[in-house]
Amino acid sequence: KKDLVARWTFDEDGGEVAKDSSGNGLDGTLSKVDDGSPKRAPGLNGKALNCSGTRYGGVTVPYSPKMDLEKGPMTVELWMKTNPNVILKGYPTLLCRMDRDKSKDVFNLHLRRDLARLAFPLTDAKGKAAWFNTQDFPREANSIPPMTWTHMVGTWDGEKIRFYLN
């Protein structure tokens, strides 16, 4: 997989490090919050991160030019399972790449407040915003079923965003 930039499987036995298995050394650190979230838990294949606390944590990966993907092409993908019994505030971020000075998102993949739909906004290399929001489509065509593993993929070819669900 010569074009793979980063891959985190969360299969470590514990600790605060999420190892990058791509070979690019983009290891991350679990960003725990006061309720202990995230925690490793059984996943679809191997382990996953459970971010079901009242506040959500995640994984922080230090800046690397290898992750400057806003010119395209790029593909970001993940598997997730929502729990309708967990109340989260705001728009829970699943994946986010901040700019170098952490002043804005370059791209992110986040849930809408109802935990059933997604958004994939990004800022291209020229500073132009692009956006894909599943709330613009009929709900039955893009809903994320609760308590079910769902595969999400966002692509950017430098011109157009595309989004795939399952």
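Source: prediction; values computed, not measured.
Note on V5: it clusters hydrophobically with M74, by side-chain heavy-atom contacts below 4.5 Å among ILVMFWY residues.
Between the side chain of E12 and the backbone N or O of K19 there is at least one donor-acceptor pair closer than 3.5 Å. A distance-only check finds no donor-acceptor pair linking the side chain of S64 to the backbone of P62 [under 3.5 Å]. Between the side chain of D20 and the main chain of A6, no donor-acceptor pair closer than 3.5 Å is present.
In terms of heavy-atom proximity, A48 sits nearest to W149 at CB-CH2, 3.8 Å. Among all heavy-atom pairs drawn from A41 and N50, the shortest one is CB-CB, 3.9 Å. Shortest non-hydrogen contact noted between V61 and W8 is CG2-CZ2, 3.5 Å.
We find the CG-CE distance between L78 and M152 to be 4.5 Å, quoted to the nearest 0.5 Å. Atom NZ in K66 sits 11.5 Å away from atom CG in L4 (nearest 0.5 Å). With values rounded to the nearest 0.5 angstrom, T75 atom OG1 is found 10.5 Å from R162 atom CZ. Between atom CH2 of residue W79 and atom CG of residue N45 there is a gap of 8.0 Å, rounded to the nearest 0.5 Å. Rounding to the nearest 0.5 angstrom, the gap separating the CG atom in L30 from the CZ atom in R40 is 5.0 Å. Atom-to-atom distance recorded for S21:OG and R7:CZ is 4.5 Å, nearest 0.5 angstrom.
You'll find the side chain of L49 stays beyond 4.5 Å of the side chain of K39, heavy atoms only.
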Handout entry: W156 vs V76, side chain to side chain contact (heavy atoms under 4.5 Å, CB included): CA-CA, chis, key distance, verdict
Key = CA-CA 9 Å; W156 168 247; V76 294; over 6 Å; no
Practice task
Show the numbers, then the answer: is there a side chain to side chain contact (heavy atoms under 4.5 Å, CB included) between T9 and K47?
Solution key: CA-CA 7 Å; T9 62; K47 294 182 184 169; over 6 Å; no
Problem - Candidate pair L26 and Y63, rule side chain to side chain contact (heavy atoms under 4.5 Å, CB included), full reasoning - result: CA-CA 9 Å; L26 296 170; Y63 172 79; over 6 Å; no
